[in-house]
Asks: 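This is the structure, below, for whatever I ask next.
Since we're looking at a predicted model, the values are computed, not measured. We're numbering straight along the sequence, starting at 1.
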Amino acid sequence: KQINCKPFTGPDAIHPRNQGLEALTLRRLWKHFESFILERNMHFVVANIVRPLTQSKGVSFVTLWGGRRVDYFVSHSWGTSFPHFVQSIQCHALSKEGPTS
């Protein structure tokens, strides 16, 4: 099973204002790898999913998944379980914009 991504390729794609991810993107990543991630944290996700996906292409995670205009900046602990992080982001998105899926 392959994950579909649509990188943003506009003229200012690398500008920080265009380096955001949609809440739905994080949810799709989690659902795709849910049985592998389990309750593990961001350290595990980065080492075992993000780096292998991005190193071979020499791009950032945001570039791979298609950066979007930033609406909210999120700071988070890498020690928190990834499912909890994704659920927190999704709850925030729902409170601001309604259902994402």
Asks: Just jot down the salt bridge (Lys or Arg N to Asp or Glu O under 4.0 Å) partners of Arg17, sequence neighbours excluded, or say none.
Replies: Asp12

Asks: Tell me whether Val46 is reachable from Leu38 by hopping between hydrophobic residues (I, L, V, M, F, W, Y) whose side-chain heavy atoms are closer than 4.5 Å.
Replies: no

Asks: With sequence neighbours excluded, what pairs up with Glu22 under the side chain to side chain contact (heavy atoms under 4.5 Å, CB included) test?
Replies: Thr25, Arg68

Asks: Under 4.5 Å between side-chain heavy atoms, hopping through other hydrophobics if needed: is there a path connecting Leu26 to Phe36?
Replies: yes

Asks: If we only count heavy atoms from C-beta on, is the Ile89 to Leu21 side-chain gap below 4.5 Å?
Replies: no

Asks: Check the hydrophobic clustering (I, L, V, M, F, W, Y; side-chain heavy atoms under 4.5 Å; chains of links allowed) and say if Val70 and Val62 are grouped together.
Replies: no

Asks: Scan for salt bridge (Lys or Arg N to Asp or Glu O under 4.0 Å) pairs involving residues 40-63, sequence neighbours excluded, and state none if there are none.
Replies: none

Asks: Less than 3.5 Å apart, which donor and acceptor atoms pair up between the side chains of residues 71-85 and the rest of the protein, not counting sequence neighbours?
Replies:
{"from": "Ser77", "atom 1": "OG", "to": "Gly79", "atom 2": "N", "distance (Å)": "3.0"}
{"from": "Ser81", "atom 1": "OG", "to": "His84", "atom 2": "N", "distance (Å)": "3.2"}

Asks: Got a second to check how far Leu94's CG is from Gln87's CD, nearest 0.5 Å?
Replies: 11.5 Å

Asks: Under the side chain to side chain donor-acceptor pair (under 3.5 Å) rule, collect the residues that match up with Glu34, sequence neighbours excluded.
Replies: Lys31

Asks: Taking all non-hydrogen atoms of both residues into account, name the closest pair between Pro52 and Ala47 and its distance.
Replies: CD-O, 3.5 Å

Asks: Enter the distance from Asn18:CG to Thr63:OG1 here, rounded to the nearest 0.5 Å.
Replies: 11.0 Å

Asks: Once rounded to the nearest 0.5 Å, what's the spacing between atom CH2 of Trp65 and atom CG of Leu53?
Replies: 7.5 Å

